2 protein chains.
Amino acid sequence: MNRQWVLARRPVGQVGLGDFARTDAEIPVPDLLKGEILVRNRILGFDPAQRGWMDQGAGYMAPMALGEPVRGSACAEVIASQNPAYPVGSFVRGLFGWQDYAVVAKAGETAPISVPEGVQPEEALGVLGAASLTAWAGIKTVGRVKSGDCVLVSGAGGAVGSMVVQIARLNGARVIGIAGGAKKCRWLTQDYGTDAAIDYRTENVSARLAELAPEGIDLFFDNVGGDILEAAIAHMALHGRIVLCGSISSYNDEQPAPGPRNLSRMISYRLQMQGFILLDHLDQVPQASAELRNWLSAGQIRYRTDIQHGFDAIPATFLRLFTGANQGKQLLTIDT
Amino acid sequence: MNRQWVLARRPVGQVGLGDFARTDAEIPVPDLLKGEILVRNRILGFDPAQRGWMDQGAGYMAPMALGEPVRGSACAEVIASQNPAYPVGSFVRGLFGWQDYAVVAKAGETAPISVPEGVQPEEALGVLGAASLTAWAGIKTVGRVKSGDCVLVSGAGGAVGSMVVQIARLNGARVIGIAGGAKKCRWLTQDYGTDAAIDYRTENVSARLAELAPEGIDLFFDNVGGDILEAAIAHMALHGRIVLCGSISSYNDEQPAPGPRNLSRMISYRLQMQGFILLDHLDQVPQASAELRNWLSAGQIRYRTDIQHGFDAIPATFLRLFTGANQGKQLLTIDT
C-alpha cells in the first residue's frame, strides 16, 4: 500500500492534527509514461510556507487540494524510471508530498532535482535545500549585503535564518539575530558567529535594538513579521533595506493582525521593503549551491537538523514549526 | 514690525489654531553679514510635511523650535543684499517661515533658490515648486514608471498627486486616481486625464480597484497611507512597486494607527515598497524643472492653486490641508 497523509480540511486559524487524515492508496503500479519516474520517499522536509499553501488563494502556487496528499518536500529513491536523466537507484528531491510513493517528472510539472553522488538525503533537504538557497538569494541578491552592514535577522534559529546570519557574516557584516529561547540564542552567538542575539521571549526587542544598533540597522532580513517587524522598522538606519522572506507570526491567524504602526518611518528614513520568494531566483541555484558546498566543506558554516522518525509522526512534526519546538531544520525519516 | 506666527506648543494629535500664536518682532535691520540677504515674503506655500516637522524627532529635519516662526515655504523679494547672487529686487524661494521678513542665505544654511525671470511667485511655489519636483522624482526615478503600467495614485487631487497622475500619463501609463469628493474626481478625469477616478468618501476603494485593475496595479504612488494603502496592497500585480511619498491620513494621529493587515502579500506577490523624500533627489531638480516648464508651456499639464489671502489667515489656511478643503496647491498671499 501507499500510505498517505491527506489534507482533510482547510485549517481555520491555528493548524492542528485534525486537519489531516491517514489513508491508504494503491501503490502507483509503474505503468509509467515516457519521461516519468516512480519514487519512494525516504525523508521529508517541513517548511512554514506549507501552511500558506493550505489556504485558498495563497498567491504564487495553487492551493493544496482537499483529500490529496499534503504538498511537501521529500528526498526519494528512484525505483522505476522511464527517464534516462533519473536512473533507478539514484536520488531526487522535489515536492513529492506526505506519502510513501509518487509518480513524478510528469509532463508539464516541475522536474525533480537530482541529488548529486556523495550528498546525503538529509543534506539535500537540509543544508543544501530550498531554505538555504532562499537564505543565499535573499541576503545576497535581494538584500545586497555588503561588508560593514549592520544586519538584523529574525527567526535566526530557523532553517533560513541560521543560514542568513552565517552568509551575512561571511560577507563582512555585523550580525544581530533574534530567536526564541536561551538555547537558540546560544547557537547564534557560539555556533553561527552572530555578534549579538536577542531572545524575543524574554527581552524587549526594541530596547535591545537601541542598545545593539545605536547607528541603526542597514539590512533587516525578516522571517517573522508582526511586532518584530514593527520593532525593526523603528531602528532602521537611513536608506535601510528590509527583505521580507516570511511572516510565521501570522500564518495561523484567523483574522489578519494589524500591520506595523510605524510605516511612515519608511518615508522619513527612505526605507525599502522587498518581498521575495525563491521561485524568482532559480537561475542562481547553481552558483548558490556551489558556494554553500564550498563553505560547508571548508567548515565555514554550521547547520542543525532536527530529525523526527516514522510515518505516523508526520503531522505532529509539521506542527513543531509553529511552536518553535524544532531544533534546526525540521526533517523526518520515513520508516519502511 | 515683523509680523510672525510662531509655534506656541507641539500639537497633540489633530493640529489646531491654538497651537500657533501671533507675535511681533523687530524687523531685522540689515546689519547683514557678507553673503546674507534680507527678504520680504510675498506668498506662502503649505505642505502636509510641515505637520511632521512640528513633532519631536521627525527624522530627516530638526523639529521646529517652540516660540519661533513656523517653518514653511515662501516666495520672497530681496530687499537688502550682501550677496551678488541675489540682487535687490529679485525673487527667491525657500523655507523662510510664517513671517514678513527673514534674513537668509546664512553661512551653513540651505541656500535660497532664485526664481527665474518670467516665473510668477505663485508658479515658483506651485507648478514649479517642491511638490511638483517631488512628483517628478517619485514617479520617474523612484517608481520607474513605464509605458503600459497600470498606475494608481492616492491623494490624486492634491499638489503632488495631481502632477503624478499627469506625469504618469505623459509616460504612457494607464492611470487611476483616488481623491475625496465628486469635484476632485471630476478634475482627475476631465482635466488631468486619468483613465478612472475613485471617490474614497463615497466608494469602496477595494471593490472599485477590483473592477478597474483586474490584472493588478503595477505601480502605486501613495500620499495617504492607512486604509487606502491596505486596499492598494490587496490589488497589486506580481512584482508591483509601491512608492511611499506621504501618509496624510496619519499625520494628526495621537496614537499611531495599525498598519496594513496584508503585508504578507508583499511576499507572495514579491512587492517592493520604497519611501522617499525630495532631499535625496536634488541633483535631478534642473532636469525636472526643465521638463515641467516644457510641459507647461506646451499645455500638456494642468495645475490648480488655491490662493488664500492675509497674514491673519495663515494658520487656518494650513489647516485646510487636513480637511481636504484646499482646491489644489495651497498658497496664501501676504497683505502688506
Side-chain angles (χ1 to χ4, degrees), chain A residues 48-49 51-53 55 57-61 63 134 138 142 216 222-227 229-230 233-234 236-251 253 255-281, chain B residues 48-49 51-53 55 57-61 63 134 138 142 216 222-227 229-230 233-234 236-251 253 255-281:
Chain A
R51 174 64 188 84
W53 304 337
D55 292 334
Y60 62 94
M61 233 184 206
T134 296
V142 184
D222 188 24
N223 293 300
V224 172
D227 294 342
L229 175 56
E230 182 171 294
I233 289 174
M236 294 302 291
L238 207 65
H239 299 124
R241 292 104 68 205
I242 299 173
V243 174
L244 297 182
C245 177
S247 58
I248 196 169
S249 70
S250 70
Y251 290 166
D253 286 347
Q255 294 296 325
R261 285 160 220 277
N262 53 357
L263 270 191
S264 66
R265 204 169 182 278
M266 296 278 301
I267 303 172
S268 51
Y269 279 74
R270 293 89 102 187
L271 307 180
Q272 182 181 81
M273 191 183 280
Q274 174 75 59
F276 91 105
I277 58 177
L278 182 59
L279 264 182
D280 289 337
H281 301 277
Chain B
R51 174 65 186 85
W53 304 337
D55 292 333
Y60 62 94
M61 231 183 208
T134 297
V142 184
D222 189 22
N223 292 301
V224 172
D227 294 343
L229 175 57
E230 181 170 294
I233 290 174
M236 296 299 293
L238 206 66
H239 299 126
R241 292 104 68 205
I242 298 172
V243 175
L244 297 182
C245 177
S247 59
I248 196 171
S249 69
S250 70
Y251 290 165
D253 287 347
Q255 293 296 324
R261 283 160 220 279
N262 53 359
L263 269 192
S264 67
R265 204 168 182 278
M266 296 278 301
I267 303 173
S268 51
Y269 279 74
R270 290 90 100 189
L271 307 179
Q272 183 180 84
M273 190 182 280
Q274 174 74 59
F276 90 105
I277 58 178
L278 182 59
L279 264 183
D280 288 337
H281 302 277

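Here is how names work: the chains are called A, B, and so on, in the same order as the sequence lines, proteins then strands, and each is numbered from 1. The structure displayed is predicted, hence computed values, not measured ones.
- Annotation for B/Leu238 and B/Ser268: closest pair CD1-O, 4.2 Å, computed over non-hydrogen atoms.
- Looking only at heavy-atom pairs under 4.5 Å with chain A, the residue among B/Met266, B/Gln272, B/Glu230 that has the most is B/Gln272.
- Interface check for chain B: of the options A/Pro256, A/Ala49, A/Gly225, the most heavy-atom pairs under 4.5 Å are formed by A/Pro256.
- Residues B/Pro63 and B/Asp55 come closest through the heavy atom pair CB-O, 3.1 Å.
- For A/Leu229, the part lying under 4.5 angstrom from a heavy atom of chain B is the side chain only.
- For B/Ile242, no part sits under 4.5 Å from any heavy atom of chain A, backbone or side chain.
- For residues 257-265 of chain A, the interface with chain B (any heavy-atom pair closer than 4.5 Å) comprises A/Ala257, A/Pro258, A/Gly259, A/Pro260, A/Arg261, A/Leu263, A/Ser264, sorted by residue number.
- Side chain of A/Arg241 to backbone of A/His239: no donor-acceptor contact under 3.5 angstrom is found.
- A heavy-atom distance below 4.5 Å is not found between the side chains of B/Asp222 and B/Met273.
- Scanning all heavy atoms of the two residues, the minimum distance from A/Tyr269 to A/Ala237 falls at CD2-C, 4.1 Å.
- Within the 4.5 angstrom heavy-atom criterion, atoms from both the backbone and the side chain of A/Ile277 approach chain B.
- Here the shortest heavy-atom pairing between A/Thr134 and A/Phe276 reads O-CZ, 3.5 Å.
- With sequence neighbours left out, the side chain to side chain donor-acceptor pair (under 3.5 Å) criterion links B/Asp227 to no other residue.
- Contacts between B/Leu244 and chain A at a heavy-atom distance below 4.5 Å involve backbone atoms as well as side-chain atoms.
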May I have the step-by-step check of side chain to side chain contact (heavy atoms under 4.5 Å, CB included) for A/Met61 and A/Leu279, ending in yes or no?
CA-CA 10 Å; A/Met61 233 184 206; A/Leu279 264 182; 5.6 Å; no
